Amino acid sequence: MAADSSRIAIPAFGTKGRLWLGLLAAIMVAGLAAWGYQLTTGLVATGMRNVFSWGLYIMMFVLFVGLSAGGLIISSAPKFFHSHRYEGFARLGVLVSLACITVAGLLILPDIGRPERLYQFFTSPDFRSPMVWDFGIVILYGVLNLWYLWLLTRRDLAARGSRLALGVADTDAGRERDRTLMFWTAALALPTAVALHSVTGWIFATQIGRGDWFSPSSHRCSSPRRSSPARAVAGRVGTRRPTHELRGRPRGTHESREDTRHLPRASRSVLARGRATAPRLGEPLRVLGHHQ
Amino acid sequence: MTNYGLVIDQERCIGCQACAVSCKQENNVPMGQFWNRVLTEGGDKIDTPSGGYPEDGGSGSLDMEYQPTACQHCENAPCVKVCPVNATYTRDDGIVEIDYDKCIGCRYCMAACPYNARVFNWDEPEQMPEEGTGDVAARPQGVVEKCTFCSHRVDEGLDPACVVNCPADARIFGDLDDEGSTVSKYINEYETDQLLEDRGTDPKTHYISGEMSPGRPQTSDKMESELDDVSPWSDGAEDVPSDADGSDSGDSGGSHHSIESDADPHVPAVGSGGDD
């Protein structure tokens with residue numbers, strides 16, 4: 001499994017790849033410069049006083065939290081339920097999940113008036129505040145993603161002599177032990193992903209002084225809207241040629257039932273369908289989305 | 001325990017905005033921001049009534065009320081509970097205050113406050129004149145600020161600036177835990193409400209409506225607790241301050257503490273030259 005170079009998606013970056021990376025780096029530098037400008041002139045620079053431009057950041061935060069949860073769930077559900085056929089996309093799923101939770105966390109930063117004081121979340125937290133819990137779960141979730149990604153890849157990294165293996169050796173016994181660890185990490189990841197959603201919902205749920213807009217129902221409305229793209233991305237990650245499967249899906253079936261809380265049940269149906277029918281690419285995607 | 005509260009007599013309020021302006025001056029509230037506002041209930045704009053004039057067949061239903069609104073200093077303050085870093089807190093004397101060195105500027109408190117009492121420094125706060133007009137701590141860009149009940153004045157035994165500068169004596173500040181204080185007496189005697197009582201925030205700002213109260217009992221810049229001999233709403237001549245008291249406080253050049261029990265308590269005996 002390890003030494004097969006045909007399994008490496010991008011062995012080396014060509015000219016196009018380097019250009020692309022350069023472009024991304026340039027965008028990052030521009031973004032950092034813009035953030036620096038905002039820090040010196042105040043949040044007024046980005047029109048944060050306007051509900052619409054403020055909402056863009058918050059909406060993207062919620063979107064990326066959803067994407068992240070989707071990625072982790074689609075990676076850990078097969079591990080937890082021993083569905084070996086779908087183990088292949090675990091790594092990509094966790095990678096996407098880690099990237100998304102990083103983006104989600106970073107999206108909050110430009111909305112904070114004095115981000116240099118954020119250390120106070122550790123030194124002076126008020127545990128009555130839902131924001132402390134959300135901060136905690138996002139950090140916990142990011143660390144869990146990082147650990148899971150490393151766990152999933154460390155033996156292969158070691159086999160290829162990468163320093164990212166951090167001294168871990170590629171042995172059969174080690175791979176066996178990692179499988180056990182992966183199972184338990186998946187067992188932890190599933191409830192954590194659900195908690196990530198729920199705790200983010202608390203932020204809106206606990207405004208006793210405010211009306212309906214701040215009630216948890218607003219979060220439930222936003223839930224399907226973000227988990228639909230989450231599913232799409234997770235599907236792209238999970239299947240090597242997903243596009244025809246996605247296109248083949250009848251439109252108008254984006255029901256709100258794919259809330260991640262139903263996931264264990266959905267996963268069971270993945271297994272049930274997997275046994276009954278021949279394996280097909282894109283199957284888990286369809287089953288997760290439209291379990292009857 | 002001391003538990004400071006404010007009573008605002010809406011029957012007395014004349015909508016002059018003096019409280020809003022003096023608050024801005026006293027606290028160096030940045031340009032474009034208000035900690036204390038007098039809202040108009042009626043028309044769409046400030047100082048405009050709803051309804052129509054009683055002429056040319058109009059309904060004659062003109063109606064307008066004033067709603068002075070600042071931080072309500074809630075007993076069960078939602079802002080205190082949602083602040084993730086304990087920057088907003090309730091003092092031992094009941095005043096809800098912000099530690100401007102702690103505030104991270106997340107504005108969660110602003111979302112939680114149903115009274116829109118808080119303002120955020122979207123950019124570097126500007127005062128006019130540049131050095132400001134009040135003797136209070138500066139707030140940096142990127143933090144939330146709000147009414148403090150003028151805690152810097154209260155700590156020195158002075159009433160908040162909005163209370164002292166209300167020409168209609170519609171604002172009364174005092175200790176809600178003290179049965180004998182004017183605020184406690186007015187809350188017992190008059191019909192008072194709190195804003196948005198159904199939200200369970202239990203504000204320490206109470207509004208009198210219906211029957212007009214005698215208003216703030218004196219117009220010196222001393223807090224009522226400093227003038228415990230002066231209680232003009234109670235009967236009996238023993239409430240009249242003694243000569244000794246008068247001479248003690250005579251350094252400010254006026255005998256404005258000498259309120260007679262039968263006098264209109266809100267009318268100053270001597271015109272005050274301002275609060276400092």
Side-chain angles (χ1 to χ4, degrees), chain A residues 35 37-51 53-55 57-58 61 108-139 199 202-215 218, chain B residues 30-33 71-72 74-90 96 98-126 139-145 194-203:
Chain A
W35 188 38
Y37 175 70
Q38 189 202 28
L39 283 178
T40 51
T41 48
L43 297 196
V44 74
T46 38
M48 276 299 181
R49 203 167 186 167
N50 181 300
V51 172
S53 43
W54 171 80
Y57 286 83
I58 301 306
F61 167 71
I108 292 300
L109 279 186
D111 187 48
I112 297 289
R114 302 202 73 86
E116 80 277 13
R117 295 176 177 173
L118 279 176
Y119 67 90
Q120 289 185 118
F121 270 102
F122 298 104
T123 56
S124 174
D126 186 340
F127 288 104
R128 293 177 301 176
S129 171
M131 195 175 281
V132 168
W133 292 88
D134 203 37
F135 182 84
I137 196 81
V138 167
I139 296 284
V199 174
W202 287 358
I203 287 201
F204 300 95
T206 43
Q207 304 294 348
I208 60 160
R210 292 292 198 170
D212 291 339
W213 196 91
F214 294 89
S215 77
S218 70
Chain B
M31 300 301 285
Q33 310 276 39
C71 174
Q72 306 286 304
C74 306
E75 201 74 60
N76 180 24
C79 55
V80 173
K81 288 186 173 172
V82 300
C83 179
V85 298
N86 280 310
T88 294
Y89 59 100
T90 309
V96 176
I98 302 171
D99 184 339
Y100 300 116
D101 293 331
K102 263 190 172 181
C103 176
I104 60 169
C106 69
R107 312 191 294 296
Y108 200 17
C109 51
M110 292 173 77
C113 174
Y115 307 103
N116 283 335
R118 293 166 162 261
V119 297
F120 180 71
N121 288 331
W122 298 97
D123 48 9
E124 194 59 47
E126 274 178 46
R139 283 86 54 183
Q141 161 189 301
V143 302
V144 173
E145 51 179 72
Q194 297 151 302
L195 291 183
L196 304 176
E197 269 171 66
D198 55 317
R199 304 288 161 85
T201 53
D202 194 9

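Values in this document were obtained by computation on a predicted structure and should not be read as measured data. Naming convention: chains lettered A, B, ... in sequence-line order (proteins, then strands); numbering from 1 in each chain.
Both the backbone and the side chain of V80(B) come within contact range of chain A, judged by heavy atoms closer than 4.5 Å. For L39(A), the part sitting under 4.5 Å from any heavy atom of chain B is the backbone (N, CA, C, O) and nothing else. At a 4.5 Å heavy-atom cutoff, the contact between T40(A) and chain B is made by backbone atoms alone. Interface residue C106(B): backbone and side-chain heavy atoms are both found under 4.5 Å from chain A.
Comparing V44(A), V132(A), L118(A), I112(A) by heavy-atom pairs within less than 4.5 Å of chain B, the highest count is held by V44(A). Heavy-atom pairs under 4.5 Å with chain B peak, among P115(A), G42(A), S129(A), at S129(A).
By the 4.5 Å heavy-atom criterion applied to side chains, N121(B) and P30(B) are counted as neighbours.
For the residue pair T201(B) / Y115(B), a side-chain donor-acceptor distance below 3.5 Å is found, with atom types taken as modelled.
Sorted by first and then second residue, the salt bridge (charged side-chain N to carboxylate O under 4.0 Å, His left out) pairs with a member in residues 115-138 of chain A read R114(A)-E116(A), D126(A)-R128(A); sequence neighbours excluded.
Counting non-hydrogen atoms of neighbouring residues, nucleotides and ligands closer than 6.0 angstrom, the CH2 atom of W122(B) exceeds 12 such neighbours.
Not counting sequence neighbours, the partners of F135(A) by the ring pair (Phe, Tyr, Trp, His ring centres under 6.0 Å) test are F121(A), F122(A).
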